[in-house]
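Beneath this line is the structure, given in C-alpha cells, with notes to follow.
Not measured: the values here are computed from a predicted model.
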Amino acid sequence: MEQENQMIAVCGLDCSECDIFKAANNPEIAREIVDWLKKERDTEVKIEDIRCLGCRGDRTKHWSPDCWILKCCVDRKGLEFCYQCEDFPCERLNDWAKGSKEYGAALNRLKEMKKRVYQKEKL
C-alpha cells in the first residue's frame, strides 16, 4: 500500500493496520473486538460501535481520547503530526516507541515523513 493511501495517526501509527479501524468493513473483526472487550474488560459494546475515524475524528467516539500523544501534539501544540514539533523526537516519544514493534515502526515512519518534507523544502 502506498504511503499516500494510508491513514497515518498523529503518532505515526498506520490506522489501516488497526483492527478497530478495519472493523467498520469487517464484521468478523468487529465481533472479535466486542467479545474481547466483554471478556477482558467486562465492557458491553455494540458491534456497530466498533468504528474509528482516526485520531483526528470525533473525540466523543475516539478509542483513546486521553492519548498523551494526541493531547500534546494536537491539543497543546496545534500540530498535525509529532514530527512537526521542534522537540521531535522527544524522550517520551522515544520511550513510547520502545513499547512495541508497531510503536517503533510508527516513530520510524514519522522520521521518514519529516525527512521527505525537509527534502521537498530544499528543492
Discussion item. Measuring from atom OH of Tyr83 to atom CZ of Arg109, what distance do you get when rounded to the nearest 0.5 angstrom?
Written reply: 13.0 Å
Worksheet item: Between atom CD of Glu80 and atom SG of Cys73, what is the distance when rounded to the nearest 0.5 Å?
Response: 8.5 Å
Worksheet item: When rounded to the nearest 0.5 angstrom, what is the spacing between CD in Glu112 and CG in Leu110?
Response: 10.5 Å
Discussion item. Is there a continuous path of hydrophobic side-chain contacts, each under 4.5 Å between heavy atoms, that joins Ile69 to Met113?
Written reply: yes
Item to complete: Identify the two heavy atoms, one from Cys85 and one from Lys114, that lie closest to each other, and give their separation to 0.1 Å.
Response: O-NZ, 4.4 Å
Worksheet item: With sequence neighbours left out, which residue pairs that include part of residues 24-40 fulfil the side-chain hydrogen bond (donor to acceptor under 3.5 Å, both in side chains) condition?
Response: Arg31-Asp35, Lys38-Glu44
Listing, residues 86-107 side-chain donor-acceptor contacts under 3.5 Å, not counting sequence neighbours, or none:
residue, atom, partner, partner atom, Å
Asn94, ND2, Cys90, O, 3.3
Ser100, OG, Glu102, N, 3.4
Ser100, OG, Tyr103, N, 3.1

Discussion item. How close do Val34 and Val45 get, counting heavy atoms only, and between which atoms?
Written reply: CG1-O, 3.4 Å
Worksheet entry | Heavy-atom closest pair, residues Arg51 and Ala23 | NH1-O, 3.8 Å
Discussion item. Let me confirm one number: the CE-SG distance from Met7 to Cys18, rounded to the nearest 0.5 Å.
Written reply: 9.5 Å
Discussion item. Grouping I, L, V, M, F, W and Y whenever their side-chain heavy atoms are under 4.5 Å apart, do Phe81 and Leu79 come out in a common cluster?
Written reply: no
Worksheet item: For the residue pair Ala30 and Ile50, what are the closest heavy atoms and their distance?
Response: O-CG1, 4.1 Å
Practice prompt. For Ala9, enumerate each residue passing the side chain to side chain contact (heavy atoms under 4.5 Å, CB included) test, keeping only those at least two apart in sequence or located in another chain.
Written response: Cys11, Leu13, Cys15, Cys55
Response to the item:
Heavy-atom nearest pair, Asp19 first then Ile29, reads O-CG2, 3.3 Å
